[in-house]
Amino acid sequence: MRNTDGVVRACMTNDPDRFPRCRDDAQSYRLVVPASEAGTLRFRNVAPGTYAIALLHDENGNGKADRALGMMPKEGFGFSRDAKVRMGPPNFIDAAITIGAASQSQSIRMRYLL
C-alpha cells in the first residue's frame with residue numbers, strides 16, 4: 001500500500017453477478033479495517049465454496065472507489081489470484097479461489113494506477 005490513509009474495504013463473494021462490489025449480497029463476507037492495520041485481513045467462518053475477493057484502499061474513507069475522468073481508479077485495488085485488470089475489473093472466474101474447511105491464505109497485491 002502506498003500509505004496508511006483511510007480504510008481498506010474487502011469483499012469476498014461466491015456470486016459472479018455481484019463481483020467485485022458485493023452490493024446487496026447477503027451471502028458475501030465483508031471487512032472494513034483502518035489502512036494502518038490492513039497487512040493481514042481475516043474472513044472468519046467462511047462456508048466452503050468458490051469465491052472471489054476484491055480489495056479497495058479507500059484512502060479518503062468516502063465509501064466508494066474514486067475515479068479520474070470517470071474511468072481511471074484513483075485509489076488502490078486488488079483481487080484474489082492477482083487477477084489482472086483490463087478496461088475494468090476482472091471476471092469472477094479470473095479471481096476465483098476454492099475455500100475448503102481448513103484455513104488458508106491468499107496474497108493480494110494492491111495496485112495503484114494514478
Side-chain angles (χ1 to χ4, degrees):
M1 293 185 15
R2 69 178 169 196
N3 61 52
T4 57
D5 297 343
V7 298
V8 171
R9 298 177 185 284
C11 93
M12 183 168 69
T13 182
N14 62 1
D15 186 341
D17 295 329
R18 299 230 165 97
F19 178 76
R21 292 192 178 103
C22 298
R23 225 178 259 156
D24 302 319
D25 184 357
Q27 302 298 317
S28 68
Y29 298 86
R30 298 179 213 183
L31 299 170
V32 178
V33 298
S36 60
E37 300 172 17
T40 300
L41 305 176
R42 295 192 196 297
F43 293 101
R44 301 196 186 279
N45 303 315
V46 175
T50 300
Y51 295 88
I53 302 170
L55 301 179
L56 169 66
H57 181 192
D58 185 3
E59 292 177 90
N60 60 7
N62 67 353
K64 63 180 185 173
D66 294 323
R67 301 187 178 280
L69 304 172
M71 297 177 65
M72 292 282 282
K74 291 171 61 176
E75 297 172 305
F77 58 87
F79 301 99
S80 45
R81 292 186 52 209
D82 201 23
K84 303 298 182 239
V85 173
R86 293 178 180 89
M87 305 305 284
N91 293 324
F92 178 87
I93 197 70
D94 293 333
I97 56 173
T98 301
I99 303 293
S103 293
Q104 66 185 75
S105 64
Q106 176 71 205
S107 293
I108 299 176
R109 186 172 85 168
M110 195 68 74
R111 298 176 186 272
Y112 296 86
L113 300 180
L114 298 176

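Here the structure is a predicted model, which is why all the values come from computation and not from measurement.
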### Query
Are Phe92 and Asp15 close enough that some pair of their side-chain heavy atoms sits under 4.5 Å apart?
no
### Query
Do you know the tightest heavy-atom contact between Arg9 and Val32?
NH1-CG2, 3.5 Å
### Message
What I want to find out is whether Arg23 reaches Asp25 closely enough, with some N-O distance under 4.0 Å, to be called a salt bridge.
### Response
no
### Message
Are Ile99 and Ile53 connected into the same hydrophobic cluster when the rule is that any two of I, L, V, M, F, W, Y join if their side-chain heavy atoms are below 4.5 Å apart?
### Response
yes
### Query
Shortest non-hydrogen contact from Tyr112 to Met1?
OH-CA, 3.5 Å
### Message
Quick one about Glu59 and Asn3 (side-chain donor to acceptor, distance below 3.5 Å, no hydrogens or angles considered), yes or no?
### Response
yes
## Note on the structure
Heavy atoms of Ala47 and Tyr29 approach each other most closely as N-OH, 3.0 Å
### Side-chain touch Asp94/Lys84, heavy atoms, less than 4.5 angstrom
no
### Task
With the side chain counted from C-beta on, respond yes when Val85 and Pro90 share a heavy-atom pair under 4.5 Å apart, and no when they do not.
yes
### Message
Looking at every heavy atom in both Val33 and Ala38, which two are closest together, and how far apart are they?
### Response
CG2-CB, 3.9 Å
### Query
Do you know the tightest heavy-atom contact between Pro89 and Pro20?
CB-CG, 3.9 Å
## Note on the structure
Note: Met71 and Arg67 closest approach over all heavy atoms is O-NH1, 3.0 Å
### Query
Is His57 reaching over with its side chain to a backbone N or O of Gly6, donor-acceptor style, under 3.5 angstrom?
no
### Basic-acidic side-chain contact under 4.0 Å: Asp82, Arg111
yes
### Message
For Ile93, is there any backbone N or O sitting under 3.5 Å from a side-chain donor or acceptor partner on Asn91?
### Response
no
### Query
So, the side chain of Arg30 versus the backbone of Cys22: is there a donor-acceptor pair under 3.5 Å, distance only?
yes
#### Entry: Beyond-backbone contact of Leu55 with Leu41, side-chain heavy atoms, under 4.5 angstrom
yes
#### Entry: Spacing of Arg21 atom CZ and Lys64 atom NZ [to the nearest 0.5 Å]
11.5 Å
#### Entry: Any donor-acceptor N/O pair, Ser80 side chain to Ala95 backbone, under 3.5 Å
yes
### Ile97 and Arg81, any side-chain heavy atoms less than 4.5 Å apart
yes
### Task
Treating Ile, Leu, Val, Met, Phe, Trp and Tyr as nodes and any side-chain heavy-atom pair under 4.5 angstrom as an edge, say whether Phe77 and Val7 lie in one connected cluster.
no
### Message
Measuring from atom CZ of Arg109 to atom CZ of Phe79, what distance do you get when rounded to the nearest 0.5 angstrom?
### Response
12.5 Å
### Message
Is there a side-chain contact between Val46 and Tyr51 in this structure, where contact means two heavy atoms from C-beta onward sitting under 4.5 Å apart?
### Response
yes
